There are 2 protein chains.
Amino acid sequence: MRNPLSARAVRGKADQPSAGAARRAVPTAVDLGPLGGFIGYRLRRAQLSVFAGFELALREIGLTPGELSVLVVIARNPGLRQSDVCAALGIQRANFTPLLHALEADGLAIREVLPADRRSNALRLTSHGRDVLARALALHERLEKRITACLGEAGRTQLIDLLRKLETL
Amino acid sequence: MRNPLSARAVRGKADQPSAGAARRAVPTAVDLGPLGGFIGYRLRRAQLSVFAGFELALREIGLTPGELSVLVVIARNPGLRQSDVCAALGIQRANFTPLLHALEADGLAIREVLPADRRSNALRLTSHGRDVLARALALHERLEKRITACLGEAGRTQLIDLLRKLETL
DNA sequence: ATCATGTGATTATTTATCATAACTAATTAT
DNA sequence: ATAATTAGTTATGATAAATAATCACATGAT
């Protein structure tokens, strides 16, 4: 199974003292200093957590976040060329090729040479691809629900808005 | 120079049609569909953007985000053991070793065997390490300023708060 | 028509990140 | 003592991302 992101627990352990550490001065609270206020640090930790949740939620399908995003874009824009998908998702063309080939090998997507420009490949989902995408979106919905439960509906929209602003830093 | 994250432009190109694409139906607006509402997707794009900004801001020092976080934690908690730093930052011990050795090789940090438990290494910054950290924090401050300018002061605190909630998903 | 140039896709290569497993040395517990 | 843990290291594999080079095709100018 292709496996994008491990399900590693996000919190370290060392939550309980452990026999060997019992003697040392309470290491339970490490001072993060200014780090806790770094947007980059918080982004990284949050993304690790959410991606771990993604891997868990979509385990039975085995899609990576990147693959799901490609499937969604192709489904909404059938016939799109590879470069356009790359540009839309911020993926390097060179890295896109093997990703797409994996989707093709799994029977989810097809490339057909564009008659108007035979250098280009127009991308489409197979009907199987549409089925898998629908199931994946349903599973993913559960993850988003969990997130909404965690942030509140207002918090969720706020977060999306703030993150979108960051993209154009 | 150790280089964690490339300075790749976050926006794809294809902003102007380009001669070859002039004929096709306007590909300028790709429909992202539900993707735009995925927290995971927004997180990934935002983190790419912020990390690119990080790499740019700290280029002259050449610290990675991970390395800076380790320096900060050691500075605030001198004498801390490796495992404690790992647990605090969510880094695997196995991956921490080479990271720390790099800091040591650059003369920023030192490991000294803990007499009380000779399996453990207590970590400290060298004075040079403290100098570099101070410079790095100053440079990083500029990045945070840019982010604040982008989000507003209130937006920034909101974002941190929301991201922290996500960590415990 | 041809030729220089640019573009789409691919391949190969490199680097960084993250995870797992196995190993050593030291410590603690029975 | 012996067994079980723990800290750190090493080795390894998988993934992601970036760069450079290559090939096929398309375009624009001569």
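So that the names make sense, note that chain A is the first sequence line, chain B the second, and so on, each numbered from 1. These numbers were taken from a predicted model, which means no experiment stands behind them.
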Expressed as a whole number of angstroms, how long is the span from [X]:[atom1] to [N]:[atom2]?
X	N	atom1	atom2	value
Asp84(A)	dA9(C)	CG	C1'	13 Å
Asn95(B)	dG8(D)	CG	C1'	13 Å
Phe51(B)	dA16(C)	CZ	P	15 Å
Leu99(A)	dT11(C)	CG	C1'	16 Å
Glu55(A)	dC18(C)	CD	C1'	13 Å
Leu100(B)	dT10(D)	CG	P	11 Å
Glu112(A)	dA9(C)	CD	C1'	16 Å
Arg81(B)	dA26(C)	CZ	C1'	13 Å

Checklist entry - Taking all non-hydrogen atoms of both residues, which atom of Leu169(B) and which atom of Leu143(A) are closest, and how far apart? => result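 In this case the closest contact between Leu169(B) and Leu143(A) is CD1-CD1, 4.5 Å.
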Next on the checklist: Which heavy atom of Gly79(B) sits nearest to which heavy atom of Arg124(B), and what is that distance?
Outcome noted: N-NH1, 3.4 Å
Next on the checklist: Quick test of your reading of the model: are Asp161(B) and Lys165(B) salt-bridged, counting only N-O distances below 4.0 Å?
Outcome noted: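 Counted as a salt bridge, because a side-chain N and a carboxylate O are separated by less than 4.0 Å.
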Picking from [options], which would you name as closest to the side chain of [X]?
X	options	answer
Asn121(A)	dA9(C), dA17(D), dA7(D)	dA9(C)
Arg44(B)	dA26(D), dA17(D), dT27(C)	dA17(D)
Asp117(B)	dG8(D), dC25(D), dT27(C)	dT27(C)
Gln92(A)	dT27(C), dA9(C), dT19(D)	dT19(D)

Please state whether the phosphate of [N], meaning OP1 or OP2, lies under 4.0 angstrom from any side-chain nitrogen or oxygen of [X].
X	N	result
Arg118(B)	dT27(C)	yes
Gln82(B)	dA7(D)	no
Ser83(B)	dG8(D)	yes

Checklist entry - Taking for each residue the nucleotide of DNA chain C bearing the nearest heavy atom, is the 5' side occupied by Pro98(A) or by Ala94(B)? => result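 Checking each residue's closest nucleotide, the 5'-ward one belongs to Pro98(A).
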Item to check | For Arg118(B), all residues meeting side chain to side chain contact (heavy atoms under 4.5 Å, CB included), sequence neighbours excluded | outcome: Val113(B)
Next on the checklist: Under the rule for side chain to side chain contact (heavy atoms under 4.5 Å, CB included), what residues qualify as partners of Thr126(A), not counting sequence neighbours?
Outcome noted: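 For Thr126(A), the residues satisfying side chain to side chain contact (heavy atoms under 4.5 Å, CB included) (neighbours in sequence not counted) are Ile110(A), His128(A).
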Checklist entry - Does Arg119(B) make a side-chain donor-acceptor contact with the base of dT27(C), cut-off 3.5 Å? => result no
